[in-house]
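We use all heavy atoms of the structure for the numbers below, so side chains are in, but hydrogens, waters and symmetry mates are not.
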Amino acid sequence: MDVSDIAGNVSDDDKARIKGAILAKHPKGSFKAWIAERLKLVKAETIQDDNAPSKTIYRVVHEIEACDEMDNGGGSVHGGCIAHLGSIWTKEQMTANLDVVYHSPIRAGDLIRIVSTSVAFGGRVATARFEVWNRSRNALAASGLQVKRRPPNKSNL
């Protein structure tokens with residue numbers, strides 16, 4: 001998998017893993033898989049947390065062009081599609097909580113940039129904040145916070 005055009009300070013192996021994980025997590029033929037095939041990973045980086053110097057923050061940036069298939073029937077991208085774009089950052093986890101604030105519309109043809117930043121990662125729970133930007137209009141379209149957890153062990157069910 002070619003990752004030469006992806007910016008950021010993580011290894012090429014990690015860039016390939018991130019790129020592949022987004023594609024692998026959705027059933028073929030689903031809307032989520034359709035979105036994943038069109039997403040472009042543009043940056044993957046780690047930065048130090050100023051508030052906790054021993055903590056590493058992960059930031060991943062994707063882009064996708066808004067299209068008619070994302071339309072809500074009113075001429076802008078459906079809120080559920082925007083929420084999905086904001087929540088693409090993990091693989092084998094279930095959403096425990098998703099809070100999204102919508103700031104401005106995105107229309108077909110606009111370039112969307114999704115910036116996902118880790119807040120906390122533990123053994124069972126992961127939290128990230130995200131921003132969905134309308135790059136064509138230089139406007140924040142949505143922001144949010146997502147908490148994901150690992151699925152329960154089937155032997156415990």
Side-chain angles (χ1 to χ4, degrees), residues 1-51 56-121 126-148:
M1 182 178 299
D2 182 24
V3 295
S4 60
D5 62 338
I6 301 171
N9 61 3
V10 302
S11 71
D12 286 350
D13 286 344
D14 284 342
K15 290 174 184 176
R17 184 184 50 77
I18 292 166
K19 191 173 180 178
I22 298 299
L23 291 169
K25 78 180 238 180
H26 303 297
K28 290 186 187 259
S30 69
F31 180 72
K32 290 179 177 184
W34 184 85
I35 292 286
E37 291 167 2
R38 287 156 178 76
L39 278 172
K40 179 181 179 191
L41 177 61
V42 295
K43 190 174 195 178
E45 64 183 347
T46 60
I47 55 177
Q48 292 308 123
D49 187 337
D50 291 338
N51 296 315
T56 300
I57 295 173
Y58 299 91
R59 182 176 303 143
V60 178
V61 180
H62 288 88
E63 290 183 343
I64 189 171
E65 184 177 331
C67 58
D68 291 336
E69 289 82 358
M70 299 175 180
D71 191 272
N72 65 1
S76 60
V77 173
H78 193 283
C81 183
I82 291 173
H84 171 65
L85 290 171
S87 68
I88 61 173
W89 57 276
T90 55
K91 186 178 178 188
E92 297 172 4
Q93 297 192 346
M94 300 166 44
T95 298
N97 188 55
L98 178 61
D99 291 319
V100 183
V101 177
Y102 299 95
H103 304 285
S104 64
I106 298 173
R107 308 222 186 277
D110 289 344
L111 181 62
I112 301 170
R113 175 172 272 202
I114 306 104
V115 180
S116 303
T117 307
S118 67
V119 175
F121 279 89
T127 304
R129 65 179 163 262
F130 62 88
E131 296 175 339
V132 179
W133 286 88
N134 184 332
R135 291 283 310 261
S136 301
R137 302 177 199 286
N138 295 317
L140 180 63
S143 59
L145 185 73
Q146 182 178 32
V147 178
K148 287 197 166 193

L85 and L39, any side-chain heavy atoms less than 4.5 Å apart: yes
Flag, side chain of R107 to backbone of G75, donor-acceptor distance under 3.5 Å: yes
Looking only at non-hydrogen atoms, find the nearest pair between P105 and N134 and report the distance. O-ND2, 3.4 Å
Pairwise side-chain contact, M70 with I106, heavy-atom cut-off 4.5 Å (strictly under): no
Which heavy atom in G86 sits nearest to a heavy atom in S116, and how many Å separate them? O-OG, 4.2 Å
Between atom CD of E63 and atom CH2 of W133, what is the distance when rounded to the nearest 0.5 Å? 13.0 Å
Apply side-chain contact (heavy atoms from CB on, under 4.5 Å) to R38 and list each qualifying residue two or more places apart in sequence or on a separate chain. W34, I64
Between G80 and Y102, what is the shortest heavy-atom contact and its length? N-OH, 4.5 Å
Exercise: identify the closest heavy-atom pair between A33 and G29: CB-N, 4.3 Å
Check K148 against S87 and note the closest heavy-atom contact, atom names and distance. NZ-O, 3.5 Å
Measure the spacing between OG1 of T117 and CG of D49 and express it to the nearest 0.5 Å. 11.0 Å
Shortest non-hydrogen pair, A66 vs I112, comes out as CB-CD1, 3.8 Å
Taking the side chain from K19 and the backbone from D2, do they hold a donor-acceptor pair closer than 3.5 Å? yes
Is the backbone N or O of E131 less than 3.5 Å from a side-chain atom of S143, with the two atoms forming a donor-acceptor pair by type? no
Side-chain donor/acceptor of S118 to backbone N/O of Y58, under 3.5 Å: yes
Would a 4.5 Å heavy-atom cut-off, applied to side chains only, mark R113 and L111 as touching? no
With a 4.5 Å cut-off on side-chain heavy atoms, are E65 and D110 touching? no
Is E45 salt-bridged to R59, cutoff N-O under 4.0 Å? yes
Would you indicate whether N9, at its atom CG, is surrounded by more than 12 heavy atoms from other residues, nucleotides or ligands within a distance under 6.0 Å? yes
Donor-acceptor pair, side chain of K15 and main chain of I6, under 3.5 angstrom: yes
Spatial distance of atom NE2 (H62) from atom CD1 (I35) [nearest 0.5 Å]: 12.0 Å
Quick one: are L98 and F130 in side-chain contact, heavy atoms under 4.5 Å? yes
